[in-house]
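The structure appears below as C-alpha cells.
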Amino acid sequence: MQIPAADSATAAAVREKPALQRGELSALDDATLRAALRRMHLIRKFEEVAEQSYMRGLVHGTMHLSIGQEASAVGSTLHLRPDDYILSTHRGHGHCIAKGADPARMLAEFFGKETGYCRGRGGSMHIADLTTGNLGANGIVAGGLPIAVGVGMSIKAQKQSRVCMVFFGDGAANEGAFHESLNMAAIWKLPVVFLCENNKYGMSMDIANAMAVANVADRASAYGTRGITVDGNDLPAVAAAAKIAIDQARQGDGPTLLECKTYRLRGHSKSDRNLYRTKDEIEAWRQRDPIRRLQDELVAQQRIEARELAAIEQGAQHEIEEALEFAKSSADPDPAQLTRDVYAG
Amino acid sequence: MQIPAADSATAAAVREKPALQRGELSALDDATLRAALRRMHLIRKFEEVAEQSYMRGLVHGTMHLSIGQEASAVGSTLHLRPDDYILSTHRGHGHCIAKGADPARMLAEFFGKETGYCRGRGGSMHIADLTTGNLGANGIVAGGLPIAVGVGMSIKAQKQSRVCMVFFGDGAANEGAFHESLNMAAIWKLPVVFLCENNKYGMSMDIANAMAVANVADRASAYGTRGITVDGNDLPAVAAAAKIAIDQARQGDGPTLLECKTYRLRGHSKSDRNLYRTKDEIEAWRQRDPIRRLQDELVAQQRIEARELAAIEQGAQHEIEEALEFAKSSADPDPAQLTRDVYAG
Amino acid sequence: MPAEVITQEAGVRQLSYAEAIREGLGQAMEADPRVFLFGEDVGVYGGAFGVSGDLLRRFGPERVIDTPISELGLAGAAVGAALTGMRPVLEIQFSDFVTLAMEQIVNQAAKIRFMFGGKASVPMVVRLPGGSGTGAAAQHSQSLEAWFAHVPGLKVLQPSTPHDAKGLLLAAIDDPNPVLIFEHKLLYKTKGPVPAEAYREPIGKAVVRRSGRDITIVGASIMTLRAAAAAEKLAGEGIGTEIIDLRSLRPIDFATIAQSVRKTGRLLIVYEGVKTMGIGAEIAAMIAESDVFGALVAPIARLGGADSPIPYNPSLEKASVPQEDDILAAARRLMHKRKR
Amino acid sequence: MPAEVITQEAGVRQLSYAEAIREGLGQAMEADPRVFLFGEDVGVYGGAFGVSGDLLRRFGPERVIDTPISELGLAGAAVGAALTGMRPVLEIQFSDFVTLAMEQIVNQAAKIRFMFGGKASVPMVVRLPGGSGTGAAAQHSQSLEAWFAHVPGLKVLQPSTPHDAKGLLLAAIDDPNPVLIFEHKLLYKTKGPVPAEAYREPIGKAVVRRSGRDITIVGASIMTLRAAAAAEKLAGEGIGTEIIDLRSLRPIDFATIAQSVRKTGRLLIVYEGVKTMGIGAEIAAMIAESDVFGALVAPIARLGGADSPIPYNPSLEKASVPQEDDILAAARRLMHKRKR
Ligand SMILES: Cc1ncc(C[n+]2csc(CCOP(=O)(O)OP(=O)(O)O)c2C)c(N)n1
Ligand SMILES: Cc1ncc(C[n+]2csc(CCOP(=O)(O)OP(=O)(O)O)c2C)c(N)n1
Ligand SMILES: [Mg+2]
Ligand SMILES: [Mg+2]
C-alpha cells in the first residue's frame with residue numbers, strides 16, 4: 001500500500017479527471033483502490049462464510065459481524081505501514097484482514113483448529129497476527145485502549161517511527177478505559193490513533209441515549225487533542241482522515257480521536273432480535289453499503305471498469321472458498337496440550 | 001443557611017453599598033457570612049489540632065489536610081440544604097464540617113474512639129455523618145463519583161428535591177470513574193454537582209503534566225453538560241457558582257462540573273517533602289489564604305467589624321479545644337467487637 | 001410472565017432458570033417500589049441472556065434501566081442507590097466484566113457499613129452470568145466467585161436450580177447487605193419446578209440433593225447437576241453418593257458439609273473455577289482443620305478447573321472444566337483410596 | 001545508591017527492604033534499556049513509600065515516569081509495552097488500588113499468551129505495596145494476593161527479606177510472564193544483608209528459614225518474621241519449629257512444604273489476608289488431598305486475617321491480623337492436638 005502523496009500514478013489520475021473527482025478519491029492511485037476494494041470484499045465474504053458456518057452448526061460460540069463497516073476497517077488502515085500496530089475489538093475480522101492477515105488462518109481459528117492464528121485457543125474474539133502487527137482482537141469492550149497507550153510508550157521509548165491504531169466502538173467510549181487512555185496518550189503525545197467505529201449502537205443502546213454529545217470525537221477536546229468525525233462508509237474519506245491522524249502520530253504530534261460513522265447491517269451477535277431498531281433504518285443504511293458505494297463511484301469516475309469489479313469480487317470469493325476448505329480440513333488441537341501455553345519460558 | 005435571593009436582609013445590604021460590593025458578596029447576608037467564616041475557622045483549627053496531635057504521636061495512620069482550601073468546602077456547601085447529600089474525599093475534613101458535622105465526634109474518630117462518627121473503625125479517611133447527609137469520605141481517589149450517580153438515581157426515583165454534591169480533586173479527574181460518572185449523570189440529568197477541588201497537584205504530579213487541558217471544567221463539554229471554573233479561594237465567588245449548579249440540579253437540569261481552583265498549603269500527607277513545588281509557590285498561595293481574604297473584604301466592605309472577627313475565631317478555637325478534650329477522654333472500642341458490624345441484619 | 005414460557009410437567013409448574021429469575025425480579029418490583037433493575041442491555045434487548053425479557057414493558061424505563069457500558073460506574077451507582085433508600089439489582093452482562101467493578105464492590109459496597117461503624121447499610125444485588133461451555137473463550141467464560149468469598153462484607157450465591165435461582169434472588173433483594181449472585185449461562189434454559197408465589201430460600205444454607213453412605217460430593221451451580229448424573233452411575237456400581245449443593249459460598253454452610261463427611265468419610269469437592277484457590281480449597285481446609293478431619297477415611301479430593309484460561313475450541317473447553325465423566329472418575333478413584 | 005543508606009553490620013552490607021528494591025530496579029535499568037519504572041508519584045516524590053527514591057534523578061523522566069491517577073490505564077499500558085518489546089515495572093501505589101486494574105491484569109496480561117496460542121508474551125512486573133499495620137484503614141491495608149494465585153498466567157510473589165525483595169524483583173523482571181510482587185509496607189524499613197551485585201532468586205521456590213522437628217509453620221512476607229519471633233519462644237518451651245517462607249504464591253512450592261510436614265506431622269499456616277479463601281486454604285487443601293495427609297498427627301491449623309475489613313483504631317487493627325502472640329498461641333494449641 002503506497003502513500004499517495006509520493007506516488008506519480010496518483011498525480012496522473014488527478015491530472016486526468018480534475019473536475020469530477022473529489023480530493024479524497026483522487027489521492028488514491030488505482031492499485032491502492034483495487035487492493036482496498038479486494039479487501040473489502042474479502043472481509044464481506046469472510047463474514048458471510050463465517051455466518052453460514054455458524055448457522056449450519058459448524059462452529060460454536062458467538063461472533064460479531066462487521067458487515068456494512070468494511071470501509072472503516074480498510075480505509076483507516078490503508079496508510080498504515082506493515083510494521084505499524086493495530087489493536088482490535090470483538091468485531092474485528094475486518095481490521096484483521098485489512099491489516100493483512102490470511103483469511104484461511106482466521107477461518108481456521110474460527111473453526112477452533114490448530115492451524116488457526118491462535119491454535120484454536122482464542123476463536124473469533126481473540127484473533128491476533130503478530131506478523132502483520134495485529135496485537136489482537138479483544139473480548140473486553142475498550143480493552144484495547146489502555147494497551148495502545150503502552151504500545152505508544154514502547155514505540156517512543158524504542159525511538160521507532162511506528163504508529164499504533166486502536167479500534168473501538170461508540171459503546172466503548174463510555175468506559176473509563178477510554179478516558180484514562182486518551183488522557184495518557186495526549187499528555188505524552190503518543191503515536192496512537194484512536195479509531196472509533198461509531199455504528200450508532202452498543203449492543204442495543206442507541207448512542208443518543210448513551211452519551212449527551214453528538215459525536216464521539218467531540219470528546220477529544222477534553223484531552224486537548226484532535227477529534228475528527230468522518231463518514232465511515234466512504235472509503236476515500238476515511239482513508240484521507242486516517243492519513244492525517246497517522247501522519248501526525250508518526251511525526252510526534254500525538255494522538256487523534258478519529259470517528260467513523262457507520263452501521264452494522266447484522267445484529268450485534270447471534271442472539272440479536274433487532275428489537276432496538278427499525279427495519280427501515282437498517283434498509284436505509286443498506287443503501288449506503290460501503291462496497292457498493294465505492295464501486296459505483298469508481299465506475300462513475302472511470303477509475304475502474306465494471307467487468308474488473310466482477311473479477312475483484314470473484315478473486316475474493318475464491319480466496320475465501322479456499323480458506324474455508326483449509327479451515328475445515330485442518331486438525332483440531334490436542335486436549336493433552338491444554339495448559340501448554342499458559343506460561344512462557 | 002438561607003438562600004439570599006429570598007432574603008430581605010440581603011436586599012437591604014445590596015441597597016446600602018451598591019457601588020462597592022460585588023454581586024457575589026452582596027448576595028450573602030450577614031448571618032450567612034458570619035456562619036461561613038466561623039466554619040472556615042472551625043475547619044482550619046480542626047486541622048491544626050489534628051496535625052499537632054499527629055505530630056505528638058497521639059494518633060496513628062495518615063491524614064490529608066485541606067488547610068488553604070476552606071473557601072471551597074464552605075462556599076460550595078453554603079446553599080445546600082440539610083437533607084442534601086455530600087460525598088467527600090481523603091481530604092474531607094472541610095466538607096464534613098461545612099455540611100454540619102460535630103468536630104468533637106470527628107476528632108474522636110481521628111483518635112480512633114468509640115464516640116467517633118465511625119466508632120473508631122474508619123478514621124480520618126472514612127468519616128461519614130449520615131444525619132447531616134454526609135455519605136462519607138473516601139480513601140479511593142474518585143471513589144465517590146460513581147456513588148454519586150447512584151445517589152442521583154435514588155433521589156430521582158424517590159421524586160425527592162434533594163441534590164448530591166460529590167467532591168474530588170484534580171487528580172481524580174483522570175480516573176475512569178470520573179468519565180463514567182459524568183456521562184451517566186449527564187444522560188440521565190441527575191441532580192448531582194461534581195465539585196472538583198483543583199489544588200494544582202495530585203499527590204505530587206502537577207496538573208499541567210497530568211492533563212492537557214487548562215481546566216478540569218473544560219471536560220464538561222465531553223458530556224454535554226455545564227462546566228464552571230471559579231477562584232476556589234474566594235468564598236463568595238464559590239458560593240455564587242455553587243448556587244447556580246445546585247439550583248439547576250434541583251430543577252432537573254442535570255449535573256454541573258464545578259471546578260474550584262485552590263491550593264493545599266500543607267503537604268499531601270505526613271510523608272510529603274514538597275519536592276515537587278517551590279517555597280515561593282507555597283508563599284504566593286499563602287498570600288491568597290481564603291480566610292484572611294474573606295475577612296479583609298468583609299472589613300473593607302464594612303460588612304463586619306474587626307473585633308467581631310476575633311470573636312468568631314475565638315469561638316471556633318474554643319469549640320475545637322473542647323472537641324479535643326472530648327476526643328481524648330473518650331473510650332477506645334472493644335476489640336472483642338471487631339467483626340460486629342461487618343454485616344447488617 | 002408470558003403464558004408460553006410456563007409448561008406443565010407432572011402437574012408441577014416448570015420454569016426455566018432464566019424465567020424463574022425474571023419472575024422473581026418481577027415480583028420484587030411489584031412488591032417494593034424501591035427495587036429496580038439496571039445494567040447493559042437489560043431493557044429493550046431483554047438482557048444478553050434474555051433474563052429480563054419483558055420486564056421493561058411491564059415496569060417501564062425508570063425501573064428497568066438500560067445503561068452505558070460503564071461497569072465501574074454501574075457498581076458505584078448501585079452502592080449510592082442502596083445507601084440512600086433504594087434496592088438496586090445490577091446485571092453485569094458477563095461475570096468476567098466484574099473485573100472492571102472490583103473497586104466499588106470490594107472497597108466500597110463490602111466495607112462501607114464497617115467503615116462507618118455500622119451506621120449504614122448497602123442492600124444491593126449484583127447478578128453475574130458466569131461459567132464456560134458456550135464457546136465464548138477466555139474473557140467470557142470465567143468462574144470468579146471464589147474471589148468474592150474472600151471478601152468480608154459480601155454475600156456470594158450460586159444457585160443450581162430454577163427454584164433456588166428465584167428463591168435466593170428474592171432473599172438477596174431482602175438482604176440488607178451487598179449480595180452477588182453468580183448465575184450459570186448453561187443453566188438459563190434448564191427447567192424445574194418453581195412455585196408461583198414470592199418465596200425466599202435462606203442465604204447461607206446448603207441443601208443435600210441426594211443422600212448416600214459412601215462418598216460426599218460438594219458442589220454448586222452446574223456442578224451439582226453433573227455430580228447428580230455421575231451419582232446415578234455410581235449407584236449402579238453400588239456406591240452411595242451424597243450430594244451437597246452449597247448454594248451460598250459466603251457464608252458457607254460448613255455444618256451441612258461436616259455432617260455428611262462424618263457419615264461418609266470421603267469428600268470430593270467439584271467446582272468450575274480454577275482449582276488452585278477455588279472454593280474447594282476453603283472447604284478442604286475447613287475440614288482439614290476441624291474435628292471432621294478424624295472421620296476421613298481417605299484424603300480429600302478436589303476437582304476444579306484446569307490451570308489455564310478457558311480455551312475456545314470445544315474439546316479443549318470441555319477438558320478445561322470438570323465434566324460428568326471427570327466427576328465419575330474422581331469419585332471412583334477416591335473410593336479406592338485409603339488414609340495412609 | 002546513596003552512600004548513607006548502606007550500613008555495615010557484622011561485616012555484611014545491610015540494606016532496608018525499600019533500598020534493596022531500589023537497588024534492584026537501578027541495576028535492572030542499567031543492564032537493560034527495555035526496563036522502565038512507572039506509576040503514580042514514583043518520580044519526583046520518590047514513591048509513596050520512598051522506594052524509587054533517587055531513580056528519577058539517575059535515569060531521567062523517560063525511564064522513571066510519573067503518571068496520572070489511572071490504575072486501569074496504567075496496567076493496560078504495562079501490557080502494551082510488554083507485548084512490544086519493553087520490560088515495564090509498574091508500581092500500584094497501594095495494592096488496594098489494584099481493584100481498579102483487575103480487568104487488564106486478569107483478562108489481558110494473564111490470558112494474552114494463551115489466547116494467542118502461545119505466540120506472544122507479556123513480561124511485565126507489577127509492584128504492589130500491601131498489608132496492614134500503618135493505621136491507613138480499610139481501603140489502604142488489604143492483603144489481596146490470594147486473588148491472583150487463583151489466576152493462571154500470573155506469577156505472584158511475596159518477599160519477606162531485603163535479600164529476597166531484590167533477588168525476586170530481578171528474577172521477575174527477567175521472567176517472560178506477568179509477575180505481581182506484593183511488598184509489605186511494614187517491611188520497607190526492615191534491614192538485612194543484601195549482596196551488591198545483581199542476583200536472582202528463583203521464582204516458585206520456598207525457603208526453610210528455620211529447621212525444627214515438631215511443627216511446621218508456613219507463611220510469607222511479614223508473617224515469616226512474626227513466626228520466627230514466635231519460634232524463638234517455642235524453642236524455649238522445647239518445641240522445635242520449622243519455618244517455611246513461601247516467597248511465591250503462584251507457583252507454590254508444594255514439595256518443600258510437603259517435605260517439612262512429613263517430618264513434623266503438624267502444620268500451621270499463617271497469613272495476613274482474610275482467612276476464608278486466603279492462601280492458607282490452598283495449602284491446607286493441597287496437603288489434605290496428598291499423601292502427606294497420612295503423615296499428619298493433628299488437624300491442619302490456619303491463622304489468617306479476621307472476617308472483617310481492616311479497622312482504623314490501632315488495637316482493633318492489630319486484632320484483625322495475626323500477631324506474634326497469636327502465632328505462639330496457635331502453635332501451642334496445635335502441639336496439644338491429636339488426630340481423633
Ligand atoms: C467490558 C465489557 N462490557 C460489556 C461487554 C459486552 N458487550 C460486548 S460488545 C458490546 C457492545 C459494544 O458496543 P460498541 O463499543 O459500540 O461496539 P460494537 O459492538 O457496536 O462494534 C457489549 C455491551 C464486553 N464484552 N465487555
Ligand atoms: C484509586 C487511588 N489511586 C491512588 C490513590 C493514592 N492517592 C491518594 S490521594 C492522591 C492524590 C489525589 O489527588 P487529587 O485528586 O488532586 O486530590 P488532592 O489530594 O489534591 O486533594 C493519591 C494518588 C488513592 N487513594 N486511590
Ligand atoms: Mg457500536
Ligand atoms: Mg489535587
Side-chain angles (χ1 to χ4, degrees), chain B residues 85 87 109 114 116-123 125-131 133 135-140 142-158 160 162 164 166 175-185 187-188 190 333 337 339-345, chain C residues 33-36 38 61-63 65-88 90 100-101 103-104 106-124 151-155 174-178 203-204 250-251:
Chain B
Y85 294 113
L87 284 153
E109 186 58 36
E114 185 72 26
Y117 271 117
C118 306
R119 301 181 40 242
R121 273 69 173 168
M125 255 190 300
H126 302 293
I127 300 178
D129 175 17
L130 302 179
T131 59
L135 298 173
N138 211 308
I140 301 296
L145 282 86
I147 300 176
V149 170
V151 176
M153 292 170 78
S154 180
I155 291 171
K156 241 187 143 171
Q158 296 175 69
Q160 299 166 336
R162 285 169 153 165
C164 176
V166 55
E175 284 280 11
F178 167 90
H179 180 67
E180 299 185 3
S181 304
L182 265 287
N183 184 55
M184 285 196 273
I187 58 171
W188 293 327
L190 300 180
Q337 290 198 348
T339 61
R340 206 193 74 174
D341 290 315
V342 180
Y343 289 97
Chain C
R34 299 173 305 171
V35 179
F36 67 99
F38 73 128
E62 304 202 334
R63 299 188 69 194
I65 306 173
D66 273 322
T67 71
I69 311 174
S70 307
E71 287 79 5
L72 177 63
L74 294 174
V79 174
L83 256 182
T84 54
M86 300 297 287
R87 295 269 170 170
L90 170 64
L100 286 160
E103 195 286 296
Q104 285 291 331
V106 173
N107 290 335
Q108 314 292 343
K111 296 181 171 52
I112 277 179
R113 180 178 180 77
F114 182 85
M115 291 190 302
F116 293 2
K119 289 175 188 159
S121 63
V122 187
M124 61 187 255
V151 181
L154 300 180
K155 297 188 177 182
D174 285 350
D175 200 282
N177 298 287
I203 291 176
R250 172 174 269 274

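By convention in this document, chain letters (A, B, ...) are assigned in the order of the sequence lines, proteins followed by strands, and residues within each chain are numbered from 1. Keep in mind that this is a model prediction, so the values were computed, not measured. Side chains included, hydrogens not; waters and symmetry mates left out as well; all remaining heavy atoms used.
- The closest side-chain heavy-atom distance from B/Pro333 to B/Arg121 is below 4.5 Å.
- Put simply, the side chain of B/Ser154 does not reach to within 4.5 Å of the side chain of C/Arg34, judged on heavy atoms.
- Considering only heavy atoms from C-beta on, B/Val151 stays 4.5 Å or farther from B/Leu190 through its side chain.
- Using a 4.5 Å cut-off between heavy atoms, B/Leu135 contacts chain C through both its backbone and its side chain.
- Contact annotation for C/Ile65: only side-chain heavy atoms (C-beta onward) come within less than 4.5 Å of a heavy atom of chain B.
- Of all the listed residues (C/Lys155, C/Glu62, C/Glu103), the one sharing the greatest number of non-hydrogen pairs under 4.5 Å with chain B is C/Glu103.
- With a threshold of 4.5 angstrom between heavy atoms, B/Ala177 approaches chain C through its backbone and through its side chain.
- Smallest separation of non-hydrogen atoms from C/Lys119 and B/Leu130: O-CD1, 2.7 Å.
- Applying the ring pair (Phe, Tyr, Trp, His ring centres under 6.0 Å) test to B/Tyr117 and every residue at least two apart in sequence or in another chain returns nothing.
- The candidate with the highest count of non-hydrogen atom pairs below 4.5 Å against chain B, out of C/Glu71, C/Arg113, C/Gln104, is C/Arg113.
- Within the 4.5 angstrom heavy-atom criterion, atoms from both the backbone and the side chain of C/Thr84 approach chain B.
- Every residue two or more places apart in sequence or in another chain that forms a ring pair (Phe, Tyr, Trp, His ring centres under 6.0 Å) with C/Phe38 is listed here: C/Phe36.
- When side chains are defined from C-beta on, C/Val79 does not count as touching C/Pro88, because their heavy atoms never get closer than 4.5 Å.
- Among B/Val149, B/Val342, B/Leu87, the residue making the largest number of heavy-atom pairs under 4.5 Å with chain C is B/Val342.
- You'll find the side chain of B/Ile140 reaches within 4.5 Å of the side chain of C/Gln108, heavy atoms only.
- Chosen from C/Pro33, C/Ala75, C/Gly73, C/Gly118, the residue pairing most often with chain B at heavy-atom distances under 4.5 Å is C/Gly73.
- The choice from B/Ala157, B/Gly150, B/Gly116 that makes the most heavy-atom pairs within less than 4.5 Å of chain C is B/Gly150.
- In this structure, chain C has no heavy atom under 4.5 Å from any part of B/Ile155.
- Looking at B/Asp129, neither its backbone nor its side chain comes within 4.5 Å of chain C, counting heavy atoms on both sides.
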